[in-house]
Amino acid sequence: MNRRNIVKAIVFAVLIVVSGFAGYELHGNSGTSSSTVALSETGSSLLYPAFNLWGPNFTKVQSSVTISPASTGSGTGISQAEKGLANFGASDAYIQGAIPAGVENIPILISYQYICYNIPGLNSVTLNLSAGIIAGIYMGTITSWNDTAIQAANPGVHLPGNAIIPIVRSDGSGDSFMFSSYLTKGNASWASAVGTSTNPSWPTLPQEKTGAQNTGLIGVMKNTPYTITYIAATYTSTVKADGFGIADLLNAAGNYVAPTIANVQQAANQYLSLIPSNGTIALQFAPGATSYPIADMEYIVVQKVQPSFQIAAAMQVFMFWVVSSSGGSSLTNFLSGLDLVPLPSSVVTGITMPLIELITG
Amino acid sequence: MEQLNPFFNLKNFSFKALILIMALVPAFIIASVVTFLLYYSFPSIIYNGLNFFTSKIWNDGSSGVILHNNGISYQSGAVYGIYPLVLGTVLISLIALLIAFPVSFFVTLNVELYMPKKIRGTLISFIELFAGIPSVVYGFWGLLVLIPWLQNTVEPWIGTHFSGIPLIGGVFTSEISGRAYYPGQGLLAGALILSIMIIPIITAVMTNSFETAPKEIKDGIYSLGGTRWEMGKYLLVHHSKAATYGGALLGLGRALGETMAVLMVTSALLLVPSNLFSNVSTVAAYIAAQLDSAFFDQSGMTTAAFAEAALALMGVSLLVNVIGRKIAGRGVLRGYQND
């Protein structure tokens with residue numbers, strides 16, 4: 001064999017190997033091996049720890065199904081599930097506007113959010129805050145911690161005169177969506193000036209700071225006194241370990257309420273009769289004496305028609321398990337540790353189950 | 001051994017065809033990226049017009065409220081402007097260059113003229129190694145070490161000592177409601193991180209041109225009684241001027257497109273900077289940070305706007321690189337491609 005032939009042989013060998021891998025990739029997603037079905041999940045970083053726990057535990061129950069989760073972002077989750085690039089797209093917000101034909105968003109859980117602050121000397125004191133105050137801070141009309149509005153909500157607390165430094169998420173985020181949705185429902189000037197978005201058009205304040213993901217927010221808050229921000233309840237242990245203050249919030253009934261699982265469930269219960277059959281509703285600012293005002297449902301986005309019946313069936317079995325109180329929605333086994341809240345049982349049977357049943361092959 | 005046909009050999013022909021196709025792959029990929037960006041940004045170019053480069057607001061519009069007009073779709077109230085991002089990109093990159101250029105200049109002089117030969121080689125490879133460190137590592141270091149240091153030590157020091165200078169004092173003054181405020185995260189942090197990342201590129205071009213300069217020139221200057229410092233300065237500033245400034249432009253090209261490290265030490269806010277410490281963002285960092293949110297916009301206009309921002313960034317980076325290469329000359333730059 002001369003040199004040219006050796007080069008040719010190498011080139012062809014490489015081409016064959018590459019094309020082999022390409023073919024493998026194309027078929028890998030549809031679970032062609034007869035016995036096991038590999039399901040892919042991508043999207044929300046908030047839901048990622050849940051899927052990471054659910055996957056192996058579900059495979060223990062149902063050995064023929066494996067789940068591989070990825071933390072990419074809610075928007076990516078929706079987009080990839082719509083295009084069929086992933087079986088499940090996880091999102092912190094329901095699909096905005098009309099749901100595209102052939103796609104559905106299925107509520108599976110409830111998450112909620114804290115309003116945290118780092119005020120030296122006051123972090124052990126629970127401050128009372130309202131949507132009006134928080135919107136004022138983020139719009140630049142309330143600039144110092146001893147502003148009259150904050151003082152009026154917290155009689156007897158000695159507030160410092162330092163400037164308030166608001167922190168927001170630097171990445172497009174379901175948490176920013178939930179937070180801006182709360183302010184939109186709770187404050188008219190926020191509603192008209194900014195509104196609800198995963199990337200809100202934050203009013204420009206020179207002192208504003210950003211952090212990537214919840215961990216980034218927590219890092220910036222830790223380093224910077226007199227800050228305020230919104231942090232997902234799934235980060236409770238970090239928030240408590242760092243000793244940030246967690247505010248009680250004014251709800252629609254006019255009471256200051258603490259972010260507890262009971263108060264979040266109370267908020268969800270207010271909407272039981274109002275949730276439409278496609279599952280699309282915002283839970284913020286619920287009526288009810290003890291309802292906590294920043295909570296929202298978490299969603300799985302799927303294509304109704306999957307590549308095969310085998311895949312559709314595996315997806316259904318997994319999702320039924322996820323919302324079952326003896327499966328993935330068990331508080332003691334999973335959700336308490338993750339600081340997530342199960343859906344009320346009437347939502348599971350009335351909304352979630354019928355949507356899961358629509359998945360077909 | 002098979003007989004070769006002197007007129008036509010199929011195997012030879014097919015092999016030549018194969019390597020020709022392989023050789024065209026890079027050109028094809030670049031062409032397809034540009035085509036893709038143009039195609040995706042088209043609705044945004046129509047919808048935003050020149051406002052895209054002058055507006056200070058980036059607002060996806062009302063979630064889910066989709067309007068249709070002249071064949072394009074967008075969310076009600078959507079406005080896309082990248083003026084603060086362009087300004088942030090330019091300022092961060094220029095300040096980075098302002099820091100990195102003199103450092104590279106003196107590193108080159110020191111390495112080439114004063115350092116023993118044995119150490120020189122090691123030091124040059126060490127500097128070149130810096131160019132290969134993934135930017136997320138720099139960003140991580142910036143977030144945990146640089147920012148707290150800037151926030152608590154450097155920025156207050158600069159603020160106290162320089163804010164009183166007439167005319168330019170305002171550049172070093174940062175206050176909210178009358179109190180001094182030093183964010184750490186922002187323009188200075190981004191520029192410092194970037195300068196560390198582009199020093200190896202500029203230094204590599206400078207040392208290379210120094211070493212390839214004709215021996216006659218070096219000997220000539222010494223024979224005229226010139227000092228080492230005078231010789232080095234002459235080489236870099238006059239003889240190899242092209243390589244010196246071309247290297248700087250290549251560094252600038254890299255700085256303009258750097259994403260991860262800058263994102264980690266600045267923000268993703270559309271703020272117009274008012275001083276050296278202001279929180280800013282760059283085009284590249286904003287795209288990386290917010291692209292996921294674009295997928296929530298079912299009209300596709302937000303994705304189109306990001307594509308237009310990417311197109312603008314690509315255009316500027318290409319331009320700076322092409323000019324840099326033209327000035328510096330091709331031979332000098334082999335192996336120092338912009339990432």
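On a predicted model such as this, the values are computed, not experimentally measured, just so you know. In what follows, every heavy atom counts, from backbone to side chain, and hydrogens, waters and symmetry copies are set aside.
Nearest heavy-atom pair across A:Ser170 and B:Ala268 is O-CB, 3.2 Å. Minimum interatomic distance between A:Pro206 and B:Tyr181 (heavy atoms only, all atoms of both residues): O-CE2, 4.4 Å. B:Ile57 and A:Ser201 get closest at one heavy-atom pair: CG2-OG, 3.8 Å. Across all non-hydrogen atoms, the minimal contact from A:Thr198 to B:Ser293 is OG1-CB, 3.0 Å.
Applying the 6.0 Å contact sphere to CZ of B:Phe53 captures more than 12 heavy atoms from other residues, nucleotides or ligands. Counting non-hydrogen atoms of other residues, nucleotides and ligands closer than 6.0 Å to CZ of B:Phe140 gives a total of 12 or fewer. No more than 12 heavy atoms of other residues, nucleotides or ligands sit less than 6.0 Å from atom NZ of B:Lys16.
In this structure, chain B has a heavy atom under 4.5 Å from the side chain of A:Pro100, while its backbone stays farther away. Contact annotation for B:Ser63: both backbone and side-chain heavy atoms come within less than 4.5 Å of a heavy atom of chain A. For a residue to count as touching a neighbouring chain, one of its non-hydrogen atoms must lie under 4.5 Å from one of that chain's; by this rule A:Ile165 touches chain B with the side chain only. Residue B:Thr302: no heavy atom, backbone or side chain, is found under 4.5 Å from chain A.
Here the side chains of A:Asn162 and B:Arg179 are in contact, with some heavy-atom distance below 4.5 Å. Put simply, the side chain of A:Val168 reaches to within 4.5 Å of the side chain of B:Leu269, judged on heavy atoms. Proximity of B:Phe296 to A:Ser74: side-chain heavy atoms (C-beta onward) are separated by under 4.5 Å at one or more points.
Remark: the backbone N or O of B:Tyr182 is not paired with any side-chain donor or acceptor of A:Gln207 at under 3.5 angstrom. The main-chain N or O of B:Pro183 is found under 3.5 Å from a side-chain atom of A:Lys209 such that the two form a donor-acceptor pair. Listed for the B:Asn59 side chain is no donor-acceptor partner under 3.5 Å among the backbone atoms of A:Pro200.
Tested against B:Asp292, the residues A:Thr76, A:Thr72, A:Asn199 include a single side-chain hydrogen bond (donor to acceptor under 3.5 Å, both in side chains) partner, A:Thr76.
If you take OG on A:Ser79 and CG on B:Leu291, they are separated by 9.5 Å, rounding to the nearest 0.5 Å. How far CZ of B:Phe295 is from CD of A:Gln96: 15.5 Å, rounded to the nearest 0.5 Å. Atom CG of residue B:Leu271 and atom CD of residue A:Glu208 lie 7.0 Å apart, to the nearest 0.5 angstrom. The OG atom of A:Ser176 sits 7.5 Å away from atom CD of B:Gln290, with the distance rounded to the nearest 0.5 Å. Here the CG-CG distance, from B:Leu144 to A:Asn223, works out to 8.5 Å after rounding to the nearest 0.5 Å.
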- request: Applying side-chain contact (heavy atoms from CB on, under 4.5 Å), run through A:Thr210 and B:Gln185 and close with a yes or a no.
  value: CA-CA 8 Å; A:Thr210 61; B:Gln185 191 182 51; 3.5 Å; yes

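In terms of heavy-atom pairs under 4.5 angstrom with chain B, the leader among A:Gly161, A:Gly195, A:Gly174 is A:Gly161.
Side-chain atoms of B:Gln298 and A:Glu82 include a donor-acceptor pair closer than 3.5 Å.
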